[in-house]
Amino acid sequence: MADLSFLALLLLLPLALLFLILYVIVRPCPVNIPIKNRHVFITGGSSGIGLALAHQAATEGARVSILARSLDKLEEAKNYIQLSTGIDVSIFAADVRDYDAVSKAVEEAGPIDLLIVNQGVFVAEELEKQGLDEVRFMVDVNLIGSFNMIKAALPEMKKGEDRGPRSIALMSSQAGQVGIYGYTAYSASKFGLRGLGEALQQEVISHDIHVSLVFPPDTDTPGFAEENKRRPPLTGIIAESSGAMKAEDVAKRALDGIKSASFIVRCNFEGLLLSIATAGMSPQRSFVMAFLEVVAGGLVRLVALCFQWSWYTSIQKWQAQSKRT
Ligand SMILES: NC(=O)c1ccc[n+]([C@@H]2O[C@H](COP(=O)([O-])OP(=O)(O)OC[C@H]3O[C@@H](n4cnc5c(N)ncnc54)[C@H](OP(=O)(O)O)[C@@H]3O)[C@@H](O)[C@H]2O)c1
């Protein structure tokens, strides 16, 4: 009995010590970002996840601005949010690829507390078949457009230290954590956001600005429905493992993650596994998550390898079958 207690102590002591070390060292320090009565600016806020985010933020008492290209869709979104929450929404018609247009919108909207860079376009196709114009389109809207938004909003956001902690959130994708067949351009544009976010966090931390990266799985939105029409069959087979979430559920998870200033915001259980598998050198504020990353890292790598095995087996089978027919 005494031996057993000694063994348990031997096992628990290093874990407790690890917990304590992580509690002391995780950086940046934990922080909460209030949203009530604050200005939330959402790009791509007229449809899908962005619209659900705008609705959720308005429900939680934020002043909401949304930006997208189509004025008609913006008006529709504004009316929908106003009718269901009673909150007025400011709308801005601009293309994120146009720096002058987004600068003007940001100036008109007034100081931003939470900037959610959510706009995105996705066309799945094998690189060999996809035109370079479409590759450029995705990189321009998803990556360069995000730079434009941040460059336009950052100077004024930096001046807002008296308003409390502020946030810059970037809408990535699970295809921004792991490369998926048919997503060469899309994945590249979303992986790029991670580098942007990791470096930017170091540059803005002293201004009490906190960066979040949201990694949704397939989500039922107008954009997703459109993309599905052209998706290569193999992309469907591989991405199927994650299943499609509702935009409202993704928005709720995303906003909760942004409010707790998590650097990596996951939306489902698979997202949890992916965030552990790809933790790498990314910042971590939660010592509990840091503990999971350290302790479960090896096991999650094994799960990741099983996924890779299943994906490559599907690819091999599909290609063998295509050759036969
Ligand atoms: N749905 C998914 O399965 C999924 C999964 C993972 C990640 N995501 C990411 O989540 C974000 C939202 O996706 P969603 O599915 O909600 O898409 P969506 O329904 O197609 O909505 C996209 C929004 O972005 C706006 N937008 C597109 N191009 C723009 C541009 N050049 N300038 C300004 N606004 C632009 C659109 O409005 P206009 O067309 O009027 O400009 C619309 O408001 C994207 O970043 C996407 O990559 C989506």
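The residues of the chain are indexed from 1 along the displayed sequence. Ligands are counted one by one from 1 in listed order, and the atoms in each one are counted from 1 as well. Because the structure is a prediction, the values reported are computed rather than measured.
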What atoms of ligand 1 come closer than 4.0 angstrom to any heavy atom of [X]?
| X | value |
| --- | --- |
| Gly48 | 16 (O), 19 (O) |
| Ile49 | 10 (O), 16 (O), 48 (C) |
| Ala94 | 32 (N), 33 (C) |
| Asp95 | 30 (C), 31 (N), 32 (N) |

Polar contact flag for [X] and ligand 1 (N/O pairs, less than 3.5 Å):
| X | result |
| --- | --- |
| Gly44 | yes |
| Gln174 | no |
| Phe122 | no |
| Pro216 | no |
| Gly223 | yes |
| Asp218 | no |
| Ser173 | no |

message: Test of understanding: given a 4.0 Å heavy-atom threshold, classify the contact between Pro217 and ligand 1 as side chain, backbone, both, or neither.
response: backbone
To check your reading of the model: name the closest protein heavy atom to [atom], its residue, and the distance in Å.
| atom | answer |
| --- | --- |
| atom 7 (C) of ligand 1 | Ser172 O, 3.2 Å |
| atom 15 (O) of ligand 1 | Thr221 OG1, 2.5 Å |
| atom 44 (C) of ligand 1 | Asn118 O, 3.2 Å |
| atom 8 (N) of ligand 1 | Tyr186 OH, 3.6 Å |
| atom 40 (O) of ligand 1 | Ser70 N, 2.9 Å |
| atom 29 (C) of ligand 1 | Arg69 NE, 3.5 Å |
| atom 43 (O) of ligand 1 | Ser46 OG, 2.7 Å |
| atom 34 (N) of ligand 1 | Ala68 CA, 3.6 Å |

Can you find a heavy atom in the side chain of [X] that is under 4.5 Å from one in the side chain of [Y]?
| X | Y | answer |
| --- | --- | --- |
| Leu67 | Val96 | yes |
| Ile168 | Leu200 | yes |
| Phe92 | Lys104 | no |

- request: Check step by step if side-chain hydrogen bond (donor to acceptor under 3.5 Å, both in side chains) holds for His39 and Ser65.
  value: CA-CA 7 Å; His39 183 198; Ser65 298; 2.7 Å; yes
- prompt: At the 4.0 Å heavy-atom cut-off, does Val141 count as touching ligand 1?
  reply: yes
query: Heavy-atom contact under 4.0 Å between Pro222 and ligand 1?
result: yes
query: Of the listed options (Met171, Lys73, Lys190, Arg97), which comes nearest to atom 10 (O) of ligand 1 when hydrogens are ignored and any heavy atom counts?
result: Met171
task: Return the minimal non-hydrogen interatomic distance between Ala254 and Leu53, and the atom names on each side.
output: CB-CD2, 4.1 Å
field: Transitive ILVMFWY side-chain link Leu20 to Phe287, under 4.5 Å
entry: no
Donor-acceptor pair, [X] side chain versus [Y] backbone, under 3.5 Å?
| X | Y | result |
| --- | --- | --- |
| Arg266 | Leu272 | no |
| Asp208 | Glu161 | no |
| Thr219 | Thr221 | no |
| Gln201 | Val211 | yes |

Parallel, tilted or perpendicular: rings of Tyr80 and His55 (30°, 60°): parallel
field: Heavy-atom neighbours of Glu108 CD exceed 12 at 6.0 Å
entry: yes
- prompt: Only one of Tyr186, Phe137, Tyr183 forms a ring-ring contact (aromatic ring centres under 6.0 Å, His included) with Phe122, so which one is it?
  reply: Tyr186
statement: Partner of Ser212 under side-chain contact (heavy atoms from CB on, under 4.5 Å), picked from Ile264, Ile258, Leu114, Leu170, is Ile258
